[in-house]
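Chain identifiers are assigned alphabetically (A, B, ...) following the order of the sequence lines, protein sequences preceding nucleic acid strands; residue numbering begins at 1 within each chain.
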Number of protein chains: 2
Amino acid sequence: MSTPRQSRADRRRATETRILDGARELFSEKGFDRTTIRAVATAAGVDPALVMQYFGSKRELFTQAVQAFPELPTATDTDALVDQLLATLDIKLGGLPEGTLVMLRSMLTDPAAADHVRVTLDRQIDGVSAALPAAEDAELRAALFVTALLGVTIGHQFLRLDVLRDAPADRIAALLRPAFKALAEPQG
Amino acid sequence: MSTPRQSRADRRRATETRILDGARELFSEKGFDRTTIRAVATAAGVDPALVMQYFGSKRELFTQAVQAFPELPTATDTDALVDQLLATLDIKLGGLPEGTLVMLRSMLTDPAAADHVRVTLDRQIDGVSAALPAAEDAELRAALFVTALLGVTIGHQFLRLDVLRDAPADRIAALLRPAFKALAEPQG
DNA sequence: TAAGTGAGTCAACACGTGTTGAGCGAATCG
DNA sequence: CGATTCGCTCAACACGTGTTGACTCACTTA
């Protein structure tokens, strides 16, 4: 055969994404420390040395496995903002991209991941704050929105609290709506 | 000298707590995986082997370093409950006992810690739920209270978001109060 | 077809880890 | 005082880790 079924470049790209996919899954399940290069290699059906050769280091692999998602609110009035924030619950409870889970999973034990989360949340807080009625506390209020949602997400996704997992996302959103509206009002 | 300045039992108890204190500090700072027996031993000015001899294993040391605290609400009407929940913010933002930080720090990466947190939160949710006006969603509402507070705590204590750290606890409580009241009402 | 490139493997190193058993020496006890 | 307990240290083992360099061989290219 003079023509291979797959070009060398194609093979390379294929195994590279196979490694990255396995890494994302493992990192998001077990966190940075407990994920081993060897396990990633095995998941990708490849030799550990190849993972190093392609990504240079475990850290670098981790960095590539994470990808930020801005997910900034575009609303400008309060009601729309609350609706928009609550709409993200659909995603946060069940449909979060694995690259995000990677980041969240390790944020409490890996300083690099913590930094990443911190700047991401700061960006979100700025975005929410901008959509809030002007007040001295807009930024603080925004931070409470964002961290409250973070807490619910953690309870659902990582702690797997039954009470949360048994409730449909829109029921949760319905309960949260009045609370969020109250939090958005400058003089609650 | 026939009488030593410290009895053998006293010495033993002293170094035991010295080890436990060092362990709590390190576990709460770096989490389970990144805390080494050697580091704990050094912090306590003691040989690593002694830590093993006294506590049996790293896991057992970790378990002893954590101690649960119920912190269940005793209120029976809604307003008192909200006040009581908000009062815990003083503690949650800055004054959390190290044994609790230990637990929280590792909950995303260590399954045993995750279990511990899950049952603790479940207990809190039950407590809050009991103090809520009877409704089908009382338990779910309670879970949202608890996880929202968890999120704020994480943002403050672990992610160290400036917006939260710069705000006094009572300001945060004041902003949260109307939101929590709305969340407590059966038909918001 | 012959030289060269590069995907992928193999075996090993250096290191840090939890954990163990033998031993020392001071406090206890009869 | 002599025997013994026990707090504590020392040195080591066994293992898993990230990482490396030499190597093989299928594909590419001239």
Original post:
Of all of residues 24-37 of chain B, which get a heavy atom below 4.0 angstrom from DNA chain D, listed by number?
Top reply: none
**OP:** Send over the distance from B:K58 NZ to C:dT17 P, rounded to a whole Å.
**Re:** 9 Å
Subject >> Spacing of B:M52 atom CE relative to C:dT17 atom C1', expressed in whole Å >> reply: 11 Å
If you look only at distance, which donor and acceptor atoms sit under 3.5 Å apart when one is on a side chain in residues 128-136 of chain B and the other is two or more places apart or in another chain?
none

Original post:
Which residue pairs pass the ring pair (Phe, Tyr, Trp, His ring centres under 6.0 Å) test when at least one of the two sits in residues 79-127 of chain B, sequence neighbours left out?
Top reply: none
Original post:
Can you pull the ring pair (Phe, Tyr, Trp, His ring centres under 6.0 Å) pairs that have at least one residue in residues 139-159 of chain B, sequence neighbours excluded?
Top reply: B:F145-B:F180
Original post:
If we ignore angles and hydrogens, is there a donor and acceptor under 3.5 Å between the side chains of B:R105 and B:Q157?
Top reply: no
**OP:** Check the side chains of B:T78 and B:E185 for a donor-acceptor pair under 3.5 angstrom, ignoring hydrogens and angles.
**Re:** no
Subject >> Test side chain to side chain donor-acceptor pair (under 3.5 Å) applied to B:R24 and B:E98, B:Q67, B:Q64, the passing residue >> reply: B:Q67
Residues 32-39 of chain A side chain polar contacts: donor-acceptor under 3.5 Å, at least two apart:
unit_1	atom_1	unit_2	atom_2	d
A:D33	OD1	B:R34	NE	3.2
A:D33	OD1	B:R34	NH2	3.0
A:D33	OD2	B:R34	NE	2.9
A:R34	NE	B:D33	OD1	3.2
A:R34	NE	B:D33	OD2	2.9
A:R34	NH1	B:T109	O	3.3
A:R34	NH2	B:D33	OD1	3.0
A:R34	NH2	B:D110	OD1	2.8
A:T35	OG1	A:L26	O	3.1
A:T35	OG1	A:G31	O	2.7
A:T36	OG1	A:R38	N	3.4
A:T36	OG1	A:A39	N	2.8

**OP:** Starting at CE of A:M103, measure out to CG of A:L96 and round the result to the nearest 0.5 Å.
**Re:** 9.5 Å
Original post:
In the 5'-to-3' direction, what one-character label does each nucleotide of nucleotides 5-13 of chain D receive under the scheme B = base within less than 4.0 Å of a protein heavy atom, S = sugar-phosphate only, - = no such atom?
Top reply: BBSBBB-B-
